[in-house]
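Notes to accompany the following structure.
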Amino acid sequence: MIDYGFTKELNTPFETVTEQVREALKKEGFGILTEIDVREKMKEKLGVDMNKYIILGACNPPNAYKAILAEENIGLMLPCNVIVYEKGNRTILSIIRPTTVMKMVDNAELREVAETVEGQLKKVFYAIK
């Protein structure tokens with residue numbers, strides 16, 4: 001287990017987990033601002049093969065707005081990343097823990113936003129089977 005994110009191994013196929021994550025994020029008010037197919041990019045840029053690995057940049061607009069009002073430079077740490085990748089015959093899901101990451105910024109107002117967002121992301125995490 002990592003302390004800066006929620007992570008779990010699943011026996012569910014990569015594509016199924018990815019779709020479940022998209023649906024759960026949407027249900028919690030998140031949009032996906034960025035999607036990086038790391039496997040594709042590594043093949044393109046380095047000519048190497050690797051397992052399926054995507055990074056989804058999730059954003060909850062009302063909370064992102066609150067975070068930016070509380071700390072203008074917080075955009076350096078946005079959006080909230082969610083990763084899904086294959087490891088052997090398992091699929092790994094990891095979601096950032098905003099409260100841990102935001103400890104780098106000494107701002108009580110921002111900490112409250114991070115707690116709210118983390119609660120929403122936990123719901124996403126636990127919804128994936």
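All heavy atoms count here, side chains included; hydrogens, waters and symmetry mates do not.
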### Query
Within a strict 4.5 Å, meaning less than it, do heavy atoms of the E35 and R22 side chains meet?
yes

#### Entry: Side chain proximity check, T34 to I55, heavy atoms < 4.5 angstrom
no

### Query
Do the non-hydrogen side-chain atoms of L78 and I68 ever get within less than 4.5 Å of each other?
yes

### Message
For N11 and R90: C-alpha separation, side-chain torsions, deciding distance, then whether side chain to side chain contact (heavy atoms under 4.5 Å, CB included) applies.
### Response
CA-CA 5 Å; N11 287 319; R90 315 262 326 225; 3.2 Å; yes

### Query
Got V82 and L93 here, is their nearest side-chain heavy-atom distance under 4.5 Å?
yes

### Query
Which one of M104, K103, R97 satisfies the side-chain contact (heavy atoms from CB on, under 4.5 Å) criterion with V101?
M104

### Summary
Of all heavy-atom pairs linking A64 and C59, the shortest is CB-SG, 3.7 Å

### Message
Could you see if I2 belongs to whatever hydrophobic cluster contains I83? Use Ile, Leu, Val, Met, Phe, Trp, Tyr and a side-chain cutoff under 4.5 Å.
### Response
no

#### Entry: Shared hydrophobic cluster, L33 / L76 (ILVMFWY, side-chain heavy atoms < 4.5 Å)
no

### Query
Backbone N or O of K27 within a donor-acceptor pair of the K123 side chain at under 3.5 Å?
no

### Message
For a 4.5 angstrom cut-off between non-hydrogen side-chain atoms, does N63 reach Q120?
### Response
yes

### Task
Would you give the length of the straight line joining atom CD1 of I92 to atom CG of N51, rounded to the nearest 0.5 angstrom?
10.0 Å

### Message
Are L10 and Y126 linked, directly or through intermediate hydrophobic residues, by side-chain heavy-atom contacts shorter than 4.5 Å (ILVMFWY only)?
### Response
yes

### Message
Just so I know, are the side chains of E28 and N60 near enough to count as touching, which here means a heavy-atom distance under 4.5 Å?
### Response
no

#### Entry: Heavy-atom closest pair, residues E40 and D37
N-OD1, 3.0 Å

### Query
Between E118 (side chain) and T99 (backbone), is there a donor-acceptor pair under 3.5 Å?
yes

### Query
Could you state the interatomic distance from CD (E71) to CG (N107), rounded to the nearest 0.5 Å?
5.0 Å

### Task
For Y65, check side chain to side chain contact (heavy atoms under 4.5 Å, CB included) against everything at least two apart and list the hits.
L69

### Task
I would like to know whether L25 and L121 meet side chain to side chain contact (heavy atoms under 4.5 Å, CB included); could you show each step before the answer?
CA-CA 8 Å; L25 285 167; L121 291 173; 4.1 Å; yes

### Query
Which pair of heavy atoms, one from I54 and one from F14, lies closest together, and at what distance?
CG2-CZ, 3.9 Å

### Message
Do Y53 and I36 sit in one hydrophobic cluster, given that two such residues count as connected whenever their side-chain heavy atoms are within less than 4.5 Å of each other, even indirectly?
### Response
yes

#### Entry: CZ on R39 to NZ on K52, rounded to 0.5 Å
6.0 Å

### Message
Between K43 and D49, is the side chain to side chain contact (heavy atoms under 4.5 Å, CB included) condition met? List the steps.
### Response
CA-CA 6 Å; K43 183 68 171 177; D49 292 315; 3.0 Å; yes

## Note on the structure
Value for CD (Q20) from OG1 (T12), rounded to nearest 0.5 Å, stands at 6.0 Å

### Task
Evaluate the side-chain proximity of T91 to E9: yes if any heavy-atom separation is below 4.5 Å, no if none is.
no

### Query
Within 45° of the ring axis of F6 and under 6.0 Å from its six-membered ring centre, is that where the NZ or CZ of K122 lies?
no

### Task
Decide side chain to side chain contact (heavy atoms under 4.5 Å, CB included) for E19 and E15; before the verdict, give the C-alpha distance in whole Å, the side-chain angles of both, and the deciding distance to 0.1 Å.
CA-CA 6 Å; E19 186 55 36; E15 290 78 11; over 6 Å; no

### Ionic contact status for E112 with K66, cut-off 4.0 Å
no

### Same apolar cluster: V84 and I96, side chain cutoff 4.5 Å
yes

### Task
Over all heavy atoms of both residues, which pair between C80 and V117 is shortest? Give the atoms and the distance, please.
SG-CG1, 3.8 Å

### Query
Do other residues, nucleotides or ligands put more than 12 heavy atoms under 6.0 Å from E44 CD?
yes

### Query
Taking side chain as C-beta onward, heavy atoms only, is I74 less than 4.5 Å from M102?
yes

